[in-house]
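For reference, the structure is listed below as structure tokens.
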There are 2 protein chains.
Amino acid sequence: MAAHEELLQTALRERGLRVTPDRLHVFRLLEASPLPLSIPALVEEIHDTGMNQTTVYRILELFTAMGVVHPVLIGHGSVGYELIPPFRHHHHHLVCIGCNEVIDLYNCQLEHRLDEIVKPYQYKILYHDIEIHGLCPKCQAKEAEDPGPSAH
Amino acid sequence: MAAHEELLQTALRERGLRVTPDRLHVFRLLEASPLPLSIPALVEEIHDTGMNQTTVYRILELFTAMGVVHPVLIGHGSVGYELIPPFRHHHHHLVCIGCNEVIDLYNCQLEHRLDEIVKPYQYKILYHDIEIHGLCPKCQAKEAEDPGPSAH
DNA sequence: GTAGCTGCAAAGGCTTTGCATCTGG
DNA sequence: CCAGATGCAAAGCCTTTGCAGCTAC
């Protein structure tokens, strides 16, 4: 069994919660996905496994409260969920606003700088998100030939 | 009239769109709010002005497409909207996961570093979001006396 | 005058909730 | 065995859509 999955089992048992097939299944879907998954996307994925969609909502609420996942913005103002450390490597996102492609960025070396910025507020920092938005090479080319996206 | 509002009017007219009382009203609400506003919050605000809630949705969709606002995560996985440069000063968020307090951080000095990180991907960067999550001093104290938030 | 904007009302999704049933430890 | 988890179904939101009437320019 994967090391991350054992971590999840431990985290659940420590709280007196149960390791169930549904919870493991949702965890594996998140682990297998290169991108954050929205709840509707997860519901879609589990649709033919017999798992109820209410269960998906409850599992994500639980995972969020446990610090297993956290919400991030994906695409046009919708919310997705992804695993966070120690359940997954720390990383950030580079998002194309043209085609919604998402690239994971590892090697974030900004922690020290962020600590400095936040010091005056006496917050205890738990985690941070960075999302960089722009146009991927393909969409830059598309924009160059098109007249550009007029509103509406 | 505020300089930012003139910018909005210019941006609208450049696209052959109209400057309407409703659009100005939504813009002013966003400008007056220290925090990002969710659509339901905006709908609440305009409820007794006679403006229809459908209009709020359409205006936010338009403002997003125009680059006047962008979505950010606020609180527990919900989405809010806020003005972005040149309609507002560039800034980031420090969010308390205990009480959902949001503090604006100005003086972001990370642009250069982000450029370096992203260089290999040949993206054209348009903007970035940074959200730092943690516990405010008050919630740290609360956690110290409480047994801490068990799941569920 | 006319393209564009808004109001209204209905439809369609998404999310939450209560309760009965089932199950992991 | 029993606290905890899930399924089901209904209810309550949130969001989108089509069309008729209104307004900025």
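These numbers come from a predicted model, not from an experiment. Both backbone and side-chain heavy atoms feed into the values below; hydrogens, waters and symmetry mates do not. Throughout, protein chains are lettered first and strands after them, A, B, ... in sequence-line order, and every chain is numbered starting at 1.
- Between B:D22 atom CG and C:dG4 atom C1' the separation is 13 Å, expressed in whole Å.
- Atom CG of A:L12 is separated from atom C1' of D:dG4 by 12 Å (rounded to the nearest Å).
- Remark: C1' of C:dC8 and CE of B:M51 are 16 Å apart, rounded to the nearest angstrom.
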Which side-chain N or O atoms in residues 50-60 of chain A pair as donor and acceptor under 3.5 Å with protein atoms at least two apart or in another chain?
{"from": "A:N52", "atom 1": "OD1", "to": "A:T54", "atom 2": "N", "distance (Å)": "2.8"}
{"from": "A:N52", "atom 1": "OD1", "to": "A:T54", "atom 2": "OG1", "distance (Å)": "3.0"}

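- Taking atom CD on A:E14 and atom P on C:dG25, their separation rounds to 15 Å, with Å as the unit.
- Note on the helix from C:dG1-D:dC25 to C:dG25-D:dC1: angle between the axes of the first and last five pairs equals 50°, rounded to 10 degrees.
- For residues 43-50 of chain A, proximity to DNA chain D is found at A:G50, defined as any non-hydrogen atom under 4.0 angstrom from a strand atom.
- Judged as a salt bridge (Lys or Arg N to Asp or Glu O under 4.0 Å), and not counting sequence neighbours, the contacts of B:D104 are B:R88.
- Here A:I74 is tied into one hydrophobic group with A:V72, each link being a pair of ILVMFWY side chains closer than 4.5 Å.
- Taking atom CZ on A:F27 and atom P on D:dA5, their separation rounds to 17 Å, with Å as the unit.
- Checked against side chain to side chain donor-acceptor pair (under 3.5 Å), B:E101 has the following partners two or more places apart in sequence or in another chain: A:Y123.
- Side-chain N or O atoms of B:H47 include none that pairs as donor or acceptor with a backbone N or O of B:E45 at under 3.5 Å.
- In terms of the ring-ring contact (aromatic ring centres under 6.0 Å, His included) criterion, B:Y121 has no residue partners (sequence neighbours excluded).
- The distance from atom CG of A:L24 to atom C1' of C:dT23 is 14 Å, rounded to the nearest whole Å.
- Residues A:I103 and B:V118 have side chains not in contact (no heavy-atom distance under 4.5 Å, counting atoms from C-beta outward).
- Around atom CD of B:E61, no more than 12 heavy atoms belonging to other residues, nucleotides or ligands sit under 6.0 Å away.
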Base contacts versus sugar-phosphate-only contacts with protein, heavy atoms under 4.0 Å: please encode nucleotides 20-25 of chain D as B, S and - from 5' to 3'. ---BBS
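- Going from atom NE2 of A:H25 over to atom C1' of D:dT6 covers 15 Å, rounded to whole Å.
- Centroid-to-centroid, the aromatic rings of A:Y81 and A:H70 stay 6.0 Å apart or farther.
- Every residue meeting the ring-ring contact (aromatic ring centres under 6.0 Å, His included) condition with A:H90, not counting sequence neighbours, appears here in chain and number order: A:H92, A:H128.
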Short N/O separations, protein against nucleotides 14-17 of chain C, under 3.5 angstrom:
{"from": "C:dT15", "atom 1": "OP2", "to": "A:Y57", "atom 2": "OH", "distance (Å)": "2.7"}
{"from": "C:dT15", "atom 1": "O5'", "to": "A:Y57", "atom 2": "OH", "distance (Å)": "3.3"}

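- Using a 4.5 Å heavy-atom cutoff, the side chains of B:T20 and B:R23 are in contact.
- Each of B:N52 and B:G16 has a nearest nucleotide on DNA chain C; the 5'-most of these lies closest to B:G16.
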Output side-chain donor-acceptor pairs under 3.5 Å for residues 30-40 of chain A, partner residues at least two apart or in another chain, one line each.
{"from": "A:E31", "atom 1": "OE2", "to": "A:H4", "atom 2": "ND1", "distance (Å)": "3.4"}
{"from": "A:S33", "atom 1": "OG", "to": "A:L35", "atom 2": "N", "distance (Å)": "3.1"}
{"from": "A:S33", "atom 1": "OG", "to": "A:L35", "atom 2": "O", "distance (Å)": "2.5"}
{"from": "A:S38", "atom 1": "OG", "to": "A:A41", "atom 2": "N", "distance (Å)": "3.1"}

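- Atom C1' of nucleotide D:dT6 and atom CD1 of A:I59 are separated by 9 Å, given to the nearest angstrom.
- When side chains are defined from C-beta on, A:S78 does not count as touching A:L73, because their heavy atoms never get closer than 4.5 Å.
- Scanning for ring-ring contact (aromatic ring centres under 6.0 Å, His included) contacts around B:H112 gives an empty result, with sequence neighbours left out.
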